[in-house]
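Notes follow once the structure below has been shown.
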Amino acid sequence: MRNDEGGHLLPKRETNWFRGIAALMVILSHYAEWWTWFTPVEGDGAVFQLAFTKLGIYGVDIFFLLSGYAMVISLGRNPMNKHFVWKRIKNTYIPYFIVVGIIELISEGFVSLQDFLYFASGYDYWYMFVLFLFYIAFIIIYAIIKNKGFRVTAFCIFTYIFSRILYDKGMSDFWYVSNIAFALGVIVGEYESKLKKIIDKLWLPLTALLAAGMLPFIRWGLDGGVPFGQNPEDYQLSFQLAATVIWTLLVLILVSKCRIKERIFAFLGKYSLYLYLTHTYIFMQCINKLEGSYAGRFAASALVTIAVSLLCGKLITSACAYPFRKQKAE
């Protein structure tokens, strides 16, 4: 392990690799849940199945940490500008709009105005809905506030209020538990140089401490969410938030200090958005239309998801870049 002098705290290659891991965690958590629809799971198998279903929220923690950090690094010291906003639209909203729009059209999902509004806002894809609102909040806050400390404070306040609203509305916990990871990503981006010095000096004991700190939360999760025999209703949210913070900080150090040569997950990380957007629809199609064992159909859905995601990513990226290539040619 090493850290490049003068470089960013979170190098691009490692962030892509961890995005690939995060996408795998989210998809595996869904597959583990869907597996119980078709095959009963008991004994040790039930423990493994539960463990895999818990991976999803930690995968989202990774995505939000890296997204919040990337927002700050992408803007840099520049004032908020059209190029920054367009980049968010081009890299996130347009892919969502095209991919999910095609899925909805094929599924005949647009039957009312509410369906279209939900589609336009990403509401039916909760991760996209939350991500879009974080993007909008970041753009507004950074356009209005110039001071770094005030920006961070304002964004943290927004994160709390937004998450509190989701909690009070009775949304499922995955709508708001990981949101703190995005705010942490913004903080890391703003105070990158100071944090880099701390991590360079203390990364080993911090890694050991945070890894050890995750152990009771892993046990808690595998025990069914009952924190050490206490009343789960009294401690559920606080334990979830604590687990998110500890895990996010651990990932922060790992991304910063690890130099990973493995390329497959780094490659998949570039297409993680497409993997997320397509995997549910493709899974349902493979399960309902293919024959053979359920294991074979699960495996087929995973392979098709990768192939379709890569194809969508290549086509949409090329289409978005075409007007700029044409302008340069002229």
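Remember, it's a predicted structure, so these values are computed and weren't measured experimentally. Nothing fancy with the numbering, it's 1 onward along the sequence. Values below: all heavy atoms of this structure, side chains included; hydrogens, waters and symmetry mates excluded.
- F64 has its side chain within reach of V130: a pair of non-hydrogen atoms, C-beta onward, lies under 4.5 Å apart.
- With a 4.5 Å cut-off on side-chain heavy atoms, H83 and N78 do not count as touching.
- Among residues at least two apart or in separate chains, side chain to side chain donor-acceptor pair (under 3.5 Å) pairs with a member in residues 63-72 are Y69-E192.
- The ring pair (Phe, Tyr, Trp, His ring centres under 6.0 Å) search around F174 returns W126, not counting sequence neighbours.
- Proximity of the aromatic rings of Y142 and F155 is defined here by a centroid distance below 6.0 angstrom, and this criterion is not met.
- Considering only heavy atoms from C-beta on, M71 stays 4.5 Å or farther from V186 through its side chain.
- Looking at every heavy atom in both residues, R259 comes nearest to E14 through CA-OE2, 3.4 Å.
- A heavy-atom distance below 4.5 Å is not found between the side chains of T248 and L252.
- A ring-centre distance under 6.0 Å is not found for Y160 and Y176.
- In the model, Y281 has no side-chain atom that pairs as donor or acceptor with a side-chain atom of S107 under 3.5 Å.
- Counting heavy atoms from C-beta on, the side chains of I287 and W34 never come closer than 4.5 Å.
- Checked against ring pair (Phe, Tyr, Trp, His ring centres under 6.0 Å), Y294 has the following partners two or more places apart in sequence or in another chain: F38.
- Taking the six-membered ring wherever Trp is involved, the centroid distance between the rings of F52 and Y31 does not fall below 6.0 Å.
- Looking at Y271 and K314, their side chains do bring a donor and an acceptor atom within 3.5 Å of each other.
- Remark: Y135 pairs with no residue by the ring pair (Phe, Tyr, Trp, His ring centres under 6.0 Å) rule, at least two apart or across chains.
- Each ring-ring contact (aromatic ring centres under 6.0 Å, His included) pair with one or both residues in residues 242-264, not counting sequence neighbours, appears once here: Y58-W247.
- Legend: residues meeting ring pair (Phe, Tyr, Trp, His ring centres under 6.0 Å) with Y123, ordered by chain and number and at least two apart, are Y118, F129, W175.
- In summary, the aromatic rings of F182 and F138 are positioned with their centroids too far apart to meet the 6.0 Å limit.
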